[in-house]
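For reference, the structure discussed in these notes is given below.
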Amino acid sequence: MIENLVIVESPAKANTIEKFLGKDFRVISSFGHIRDLAKKNLGIDLSKDFKPDYEIPMEKSKIVAELRKAASQARNIWIASDEDREGEAIAWHLAEVLKLDTETTKRIVFHEITKDAISNAIDNPRKIDMNLVNSQQARRVLDRLVGFEISPVLWRKVQPALSAGRVQSVAVRLIVDREREIISFKPESSHRITALFAAGPDPDSALIKAEASKRFNEENEALKFLELCVNAGFTVDNVTVKPGTRSPAPPFTTSTLQQEAYRKLGFSVSQTMTIAQKLYEAGKITYMRTDSTNLSKLALSKSHEVIVKEFGDRYSKTRQFRTKTRGAQEAHEAIRPAYLDNQTVPGSLNEKKLYELIWKRTIASQMADAQVEKTTITIETDNSPVKFLANGEVVKFDGFMKVYAESTDQENQDEEKTLIPPVSKGMKLFYRNITSTQRYTTPPPRYTEASLVKKLEELGIGRPSTYAPTISTIQNRGYVSREDRPGEKRSIRILSLEKGKITPSSKTEIAGKEKSKLFPQDIGMIVNDFLIENFSDIVDYHFTAEVEEQFDEIAAGKLKWTGMLKGFYGPFHDTIQKTLEKTDRQTGIRVLGNHPETGEPVTVRMGRFGPVAQIGSSENGNKPRYASLTKNQLLETITLEEALKLFRLPRPVGIHDGEEIVAGMGKFGPYIRYKGKFFSLKKGVDDPYSINSERAIEIINEKNEEEKKKMIRDFGDIKILNGRYGPYLTRDKQNYRIPKGADAEKLTKEECINIIEKSEKKKKSS
DNA sequence: CAGTGAGCGAGCTTCCGCTTGACTT
């Protein structure tokens, strides 16, 4: 017999709590939800007022059996799932599955994991809050209805195996909308004037960097101004010194951790979560899926202690941050070190890095504001109304910045904040150089995984536990793709004034270079447009916020959950029917024009195997010609010229030893084919459209040469090859390791067969 | 690894949120 059984959601939490509660208590975990809507079909009985058909998923059957066994032996059962909508639903499902009386089942919640908080919770049990449970049921059923009714429409009208949902479809929309802003963006240039002034005529005078208050649209305007500068006198017109403060950012939530880990450490969203999970399981940090910026009293006092010890009293300032995020449910604390005295932890390099980031952010959040002094100098030009401005900033007291400064998505290279030498009004300055640099406006930035999470959180869409999976889903469906782009060179004009002489020059810069950004794919754009056309309210950026308001009313007992669903489902289902009846198959087809020689129509569309360009139509038994679009081309933006160019490949390059060499563009980039073998062309070095036979033969010989070096022994079907990690065996495209101690050079065919058979056996037994 | 683009049609695909492993490379 167990005297007291406590059920929590997470096994790591179960271990911690059990230590606090002593021997009369056994604590086990439900590993999250234990029941869900039936996997097959809709899982909802529409004829019975949205009655959910709940079932225990296969992978949960083992844990449910354990829970049942423990429950049958326990005198008292305490359900301690999280204090939010999902947690309350877990409590109710547990009560249902374990056949507990909902009237008497003891529902408790902890706000922090300390002995006091836990015994306090045990002393104050309550009943399961059915209103909160019903708001979760409404949420669950609505998501299932949206997902499982719209997705099949996509299968019929667009392509099989696609999906739509309240969260993922908005995530895709954000990326598509942003891409279209970028497509329609027209960069404009202007000429920015920067100057380096000296406080006195001698060479080692203090220097001041300044920028002109005006930018010039045309280069000759900039030139005229520089010509004025040649003979101008420069005088300090005004000096203002303003004190300012900077405050630390709140401690991490899931979303801000993902953003900062990306910006500072370069981790992807899912990588961050995997590493954080490890740290959590090792008891090094608090729970990593949270939307709360709250710190426990214990953490606050411990931070104070650490800060005073490490940096001194004046660096400490205890703060409690309010969670601003819409729809935050705050079932947990912010993400913080479990033991704040540990500035570092043992573990892998990435674990160390992420832990230190969390430690710094937490500690900084409890530190004093930084005190800064901002100096602005206005410099007059005596023969022109254009003034120069110099901005400087001096940190008077570093405060939290001693430990941590938050990064931004777009680091500002323009604003240079430097120390300004002491100058006073009326002082004469001498230019060292004045430079006009052409500057282009930049389009809005593409989303990174982390900045998309930030945007979703701002819109109240998705939860800490789903940000990483959502990002994976929209990539797995092929809606968006995380890619790099090399950018394009462009020329910028520079005018440089030095020692009374103006020298014009040009410089090249790279524009539009991208690293690890989310790009929409054709199928994502087609699905997005189809959803906006037919389900505009579901993919509206505010849809989630609106239904969340209704979920809140259900939780407050002011609205019946089935009534809310009825209000939603009636019009929604009508739209589904209408869309099925009235819309055609969506291929994203565009007519680009006519072939310049034959006059045949040239179109692009989504084909069976991806985006395709087509010359001619299949009417009247004609056979059209087809060519796949390349990776970076979009149906939406490809031009007639670009489409026609696709048909120039594959192209014959020449004959070598009586066999034809062909150049083409494949799935994996440009290639040449010779004697049935493929040879990749290096990006940016060789171009399949223009490569000649001489160069092609060079590439072929090079690769054949390499292959020869790779071959150690050739037994026909079995080969011993030299690979990246040393010699290995290969047979039927399967690779096998050579056991340690064996000499690859001297192996016989029989020995090779032995090695292969042994390794095959091992595979089967494991 | 590097191609494909006709049509028929069985049986399948799919949501969001809570939790961890069990997989592979």
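Here is the naming used below: chain letters follow the sequence lines, and residue numbers restart at 1 for every chain.
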Exercise for review: Check every strand shown and say whether A:S81 touches a base, only sugar-phosphate, or nothing at a heavy-atom separation below 4.0 Å.
Suggested key: nothing

Check your understanding: Taking NZ, NE, NH1 and NH2 as the nitrogens, is one of them in A:K631 or A:E483 under 4.0 Å from a carboxylate oxygen of the other?
Key -> yes

Review point. How would you label the contact of A:G610 with the nucleic acid (heavy atoms, under 4.0 Å): base, sugar-phosphate, or nothing?
Key: base

Practice item. Could you tell me whether the side chain of A:S680 has a donor or acceptor atom within less than 3.5 Å of a complementary atom in the base of B:dA2? Key: yes

Study note, to complete from the structure: Which of A:D537, A:V141, A:I538 passes side chain to side chain contact (heavy atoms under 4.5 Å, CB included) with A:F568? Answer is A:I538

Check your understanding: Rounded to whole angstrom units, what separation is found between the CG atom of A:L646 and the P atom of B:dG3?
Key -> 14 Å

Point to revise | Carboxylate-amine/guanidinium proximity below 4.0 Å for A:R482 and A:E449 | key: yes

Practice item. Could you tell me whether A:K157 sits above the aromatic face of A:F530, with NZ or CZ closer than 6.0 angstrom to the six-membered ring centre and within 45 degrees of the axis? Key: no

Point to revise | Interatomic distance where CZ belongs to A:F647 and P belongs to B:dT4 [whole Å] | key: 12 Å

Review point. In which ranges does DNA chain B form stems of 3 or more consecutive Watson-Crick or G-U pairs, distances under 3.5 Å?
Key: none

Practice item. Determine whether any donor atom in the side chain of A:S628 lies under 3.5 Å from an acceptor atom in the base of B:dG5, or the reverse, and answer yes or no. Key: yes

Exercise for review: Send over the distance from A:L649 CG to B:dA2 C1', rounded to a whole Å.
Suggested key: 12 Å

**Study point:** Heavy-atom protein contacts under 4.0 Å, nucleotides 14-24 of chain B, coded B base, S sugar-phosphate only, - none
**Key:** BBBBBBS----

Exercise for review: Verify the contact: side-chain N or O of A:Y674 to OP1 or OP2 of B:dA2, cut-off strictly under 4.0 Å; return yes or no.
Suggested key: no

Check your understanding: Hey, does A:G607 reach any base, or is it just sugar-phosphate, or nothing, if we go heavy atoms under 4.0 Å?
Key -> base

Check your understanding: Is a salt bridge present between A:E55 and A:K40, judged by a nitrogen-to-oxygen distance below 4.0 Å?
Key -> no

Review point. Rounded to whole angstrom units, what separation is found between the CZ atom of A:R156 and the P atom of B:dG9?
Key: 14 Å

Point to revise | Rounded P spacing from B:dC12 to B:dC16 in Å | key: 23 Å

Review point. Salt-bridged, A:D82 to A:R289, with N to O below 4.0 Å?
Key: no

Exercise for review: Kindly assign one of parallel, tilted or perpendicular to the pair A:F535 and A:F572, based on the angle between their ring planes and the thresholds 30° and 60°.
Suggested key: tilted

